Amino acid sequence: MKHFFVAGEQEKTTVKEPEKNEHPSLEHTIRQFENSMDFIHRTYPQCKVDVIYLAFLVGNDQLLQEIIQPFTDADEEEVKTVLSRSQYVVVVDSKECINGILNGKAAVFVRGSTYLVDIAKPAGRTIEQSETESVISGPHDGFVENIGQNLGVLRQRLKSSHLKFVKLEVGEVAKNIVVIAYIEGLANQEIVDELIRRIQMIEYNAVTDSNMLIQFIDENPNSIFPQFMTTERPDAIVSKLVGGRIAGFVDGSPSGFTCPTNFFDFFSSPDDYYQRWLIGTALRILRFIGFLITISFTAFYVSVTTYHYEVIPHTMLLNLTESRAKVPFPPLLEALLMETTIELLREAGARLPTKVGQTIGIVGGIVIGQAAVQAGFTSNILIIAVAISAIASFVIPSYIMSASIRLIRFGLIIMAGILGNLGLIMAIGMVVIHLAGVTNMGTSYLTPLAPINFKDMLDTYIRGPFWALRSRPTITRTPNKKINKMRK
């Protein structure tokens with residue numbers, strides 16, 4: 001099997017971690033957080049209580065209610081009453097104490113015992129619509145950076161006692177919470193265990209986002225194609241879970257990921273299931289047509305204008321010859337120049353503020369394209385070809401897949417410029433061969449095309465009617481015995 005995790009090769013910061021099962025002590029905890037401006041150590045000498053917390057992680061109201069009011073002017077008997085509350089949890093492991101403080105809890109040291117009390121303030125934005133995955137019909141809420149809120153939204157949407165969450169931690173220096181979600185009895189337990197094992201084997205200083213995490217557990221880290229589906233939409237995650245897939249979340253990331261995933265999953269949208277199946281099918285087919293156009297249209301222009309003038313109709317050939325008469329560059333260099341310009345405009349529009357970015361993209365494209373034609377740097381037919389290719393890439397719902405396809409387009413243009421149509425066919429063949437060799441969590445990336453499964457194709461190239469769809473695709477079907485109990 002190929003490597004599926006990346007070790008942190010860079011030099012790691014030396015941090016003294018507390019020994020496992022070491023009893024927490026006040027002195028050791030102070031040493032861990034000293035020299036930090038947000039480290040707060042409160043002392044209540046009348047009742048011999050010490051409290052440690054990080055100021056930026058706690059809420060003022062929670063601090064007043066759980067720490068300041070109970071311990072100010074309290075005697076030892078009153079302290080015993082306070083510590084008997086359910087909010088105060090005894091900890092006997094120093095590492096657990098440190099992690100609790102890092103998660104917004106206060107550590108209370110009294111008479112050789114240590115307690116943790118949650119005084120964290122709720123941080124982050126409220127649930128709102130995802131800006132990267134807009135919808136026309138269906139739910140409009142999206143995930144946020146708080147993993148607790150994300151899991152709560154998932155619970156509200158999927159009310160089942162079989163929905164299970166597995167909590168993991170990743171990061172050698174800055175530990176972060178990762179939660180794996182699956183429906184017991186529907187998800188293949190072997191894939192669940194394998195995913196957990198891969199996450200536990202990650203060796204890196206800090207993993208802060210879902211898009212970062214999935215790069216560590218890829219089976220094909222050098223492939224340009226994404227192997228895990230990422231989304232900010234709860235309804236998309238729910239649909240994958242009930243289909244037997246597995247979902248994952250990283251605290252601090254507004255995106256969740258699902259697996260196992262195949263190539264065709266990146267061309268489907270939750271909108272497909274909220275409309276009549278004929279409309280959903282038409283839209284899905286349109287996306288595949290857009291995929292073919294965006295990878296091959298400009299390359300085909302380069303191939304035809306370089307080697308294959310005979311395939312151009314005579315009336316169009318005259319216009320093309322006249323258009324290219326003033327262009328000083330060969331078609332290959334001309335196409336690469338314009339494609340690079342389009343990518344620069346796209347990146348500039350993405351990095352600028354929303355209102356300014358849209359203006360730059362539209363005005364810049366029109367002005368630069370018109371000026372380039374008038375100056376003789378490019379032909380007007382190539383401008384049309386590049387514009388159509390760019391528009392076709394926008395119909396692909398997944399941004400990461402769209403970015404991968406745009407990069408592949410440059411390779412196809414170069415091959416078409418060198419070998420003509422033969423080079424174009426060879427390049428497409430190499431892409432297909434590569435896709436056939438990619439796997440995700442031990443499953444084929446081209447399923448149900450390779451291996452062929454006709455029943456699963458009802459929800460791949462088309463969006464079949466609900467009465468004809470399988471509840472779960474073949475790659476997630478499992479012999480779990482618990483599924484029989486669920487059906488009862």
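Since we're looking at a predicted model, the values are computed, not measured. Excluded from the calculations below are hydrogen atoms, water molecules and symmetry mates; all remaining heavy atoms, backbone and side chain alike, are included.
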**Asked** Considering residues at least two apart in sequence or located in another chain, which fulfil the salt bridge (charged side-chain N to carboxylate O under 4.0 Å, His left out) criterion with Glu34?
**Response** none
**Message:** Enumerate the salt bridge (charged side-chain N to carboxylate O under 4.0 Å, His left out) contacts for residues 434-449, please, sequence neighbours excluded, ordered by first and then second residue.
**Reply:** none
**Prompt:** Does the Asn176 side chain pair with the main chain of Asp251, one donor and one acceptor, at a distance under 3.5 Å?
**Reply:** yes
**Request:** Spell out, as yes or no, whether a donor-acceptor pair under 3.5 Å connects the side chain of Thr72 to the backbone of Gln69.
**Result:** no
**Request:** Report the C-alpha distance between Val431 and Phe225 in whole Å, list the side-chain angles of each, state the deciding distance to 0.1 Å, and finish with yes or no for side chain to side chain contact (heavy atoms under 4.5 Å, CB included).
**Result:** CA-CA 10 Å; Val431 172; Phe225 292 98; 3.9 Å; yes
**Message:** So which atom in Gly442 and which in Glu219 form the shortest heavy-atom distance, rounded to 0.1 Å?
**Reply:** N-OE2, 2.8 Å
**Message:** I'd like to know if the side chain of Arg42 and the backbone of Val51 have a donor-acceptor N/O pair within less than 3.5 Å.
**Reply:** no
**Asked** Do side-chain atoms of Asp209 reach the backbone of Val250 as a donor and acceptor pair under 3.5 angstrom?
**Response** no
**Sidechain-backbone polar pair: Thr294 side chain, Gly290 backbone, donor-acceptor under 3.5 Å** = no
**Ser255-Thr230 side chain donor-acceptor pair, cut-off 3.5 Å** = no
**Message:** Could you check whether any side-chain heavy atom of His41 comes within less than 4.5 Å of a side-chain heavy atom of Leu26, counting everything from C-beta outward?
**Reply:** yes
**Item:** Steps toward side chain to side chain contact (heavy atoms under 4.5 Å, CB included) verdict (Phe228, Asp218)
**Value:** CA-CA 8 Å; Phe228 289 80; Asp218 273 351; 3.1 Å; yes
**Request:** Please step through salt bridge (charged side-chain N to carboxylate O under 4.0 Å, His left out) for the pair Arg233 and Asp235, ending with a clear verdict.
**Result:** CA-CA 6 Å; Arg233 295 191 53 180; Asp235 58 329; 2.6 Å; yes
**Request:** List in chain and number order the residues that pass ring-ring contact (aromatic ring centres under 6.0 Å, His included) with Phe249, two or more places apart in sequence or in another chain; answer none if no residue qualifies.
**Result:** Phe143
**Item:** Set of residues satisfying side chain to side chain donor-acceptor pair (under 3.5 Å) with respect to Ser269, sequence neighbours excluded
**Value:** none
**Asked** Closest heavy-atom contact between Gly256 and Ile237?
**Response** C-CD1, 4.2 Å
With a 3.5 Å cut-off and sequence neighbours excluded, list the donor-acceptor pairs that the side chains of residues 84-91 form with protein atoms.
from  : atom 1 : to    : atom 2 : distance (Å)
Ser84 : OG     : Thr81 : O      : 2.5
Tyr88 : OH     : Glu66 : O      : 2.3

**Request:** Apply side chain to side chain contact (heavy atoms under 4.5 Å, CB included) to the pair Leu292 and Phe288, showing each step before the final yes or no.
**Result:** CA-CA 6 Å; Leu292 296 176; Phe288 285 111; 5.9 Å; no
**Request:** List for me each residue that meets salt bridge (charged side-chain N to carboxylate O under 4.0 Å, His left out) alongside Glu343, sequence neighbours excluded, and say none if there are none.
**Result:** Arg346, Arg406, Arg409
**Item:** Minimum heavy-atom distance between Gly104 and Asp118, given as atom pair plus value
**Value:** O-OD1, 4.0 Å
**Fill in**
Contacts of Arg155 meeting side chain to side chain contact (heavy atoms under 4.5 Å, CB included) (sequence neighbours excluded), chain-then-number -> Leu163, Phe165
**Asked** Residues in salt bridge (charged side-chain N to carboxylate O under 4.0 Å, His left out) with Asp271, at least two apart?
**Response** none
**Item:** Residue pair Asp193, Gln189: steps toward the side chain to side chain donor-acceptor pair (under 3.5 Å) verdict
**Value:** CA-CA 6 Å; Asp193 295 338; Gln189 191 61 43; 3.1 Å; yes
**Residue list, side chain to side chain contact (heavy atoms under 4.5 Å, CB included) with Leu57, at least two apart or on another chain** = Leu54
**Fill in**
Minimal heavy-atom distance between Asn103 and Ala120, with the atoms involved, is O-CB, 3.9 Å
**Item:** Any donor-acceptor pair under 3.5 Å from Asn440 side chain to Gln227 backbone
**Value:** yes
**Item:** Lys175 side chain to Glu172 backbone, donor-acceptor under 3.5 Å
**Value:** no
**Asked** How about Asp38: does its CG atom have over 12 heavy atoms from other parts shown lying under 6.0 Å from it?
**Response** yes
**Request:** Side-chain contact test, heavy atoms from C-beta onward, threshold under 4.5 Å: evaluate it for Met37 versus Phe56 and give yes or no.
**Result:** yes
**Test salt bridge (charged side-chain N to carboxylate O under 4.0 Å, His left out) applied to Glu96 and Lys105, step by step** = CA-CA 11 Å; Glu96 182 182 357; Lys105 297 180 180 180; over 6 Å; no
**By side chain to side chain contact (heavy atoms under 4.5 Å, CB included) - contacts of Glu27 (at least two apart)** = Ser25, Arg31
**Item:** Backbone N/O of Asn211 and side chain of Gln215: donor-acceptor pair under 3.5 Å
**Value:** yes
Listing, residues 278-286 side-chain donor-acceptor contacts under 3.5 Å, not counting sequence neighbours, or none:
from   : atom 1 : to     : atom 2 : distance (Å)
Thr281 : OG1    : Trp277 : O      : 2.8
Thr281 : OG1    : Arg463 : N      : 3.1
Thr281 : OG1    : Arg463 : O      : 3.0
Arg284 : NE     : Asp272 : OD2    : 3.3
Arg284 : NH1    : Asp459 : O      : 3.2
Arg284 : NH1    : Asp459 : OD1    : 3.1
Arg284 : NH1    : Ile462 : O      : 3.2
Arg284 : NH2    : Asp272 : OD2    : 3.1
Arg284 : NH2    : Tyr273 : OH     : 3.4

**Request:** Give a yes or no on whether the ring-centroid distance for Phe263 and Phe291 is below 6.0 angstrom.
**Result:** yes
**Prompt:** With sequence neighbours excluded, what pairs up with Ala107 under the side chain to side chain contact (heavy atoms under 4.5 Å, CB included) test?
**Reply:** Cys97, Ile101, Phe109, Leu116
**Message:** For a side chain to side chain contact (heavy atoms under 4.5 Å, CB included) check, start with the C-alpha distance between Arg245 and Asp265, then their side-chain angles and the critical distance, and finish with the verdict.
**Reply:** CA-CA 12 Å; Arg245 309 292 177 96; Asp265 285 340; 2.9 Å; yes
**Prompt:** If you look at every heavy atom in Phe257 and Ile214, which pair is closest and at what distance?
**Reply:** CG-CG2, 3.7 Å
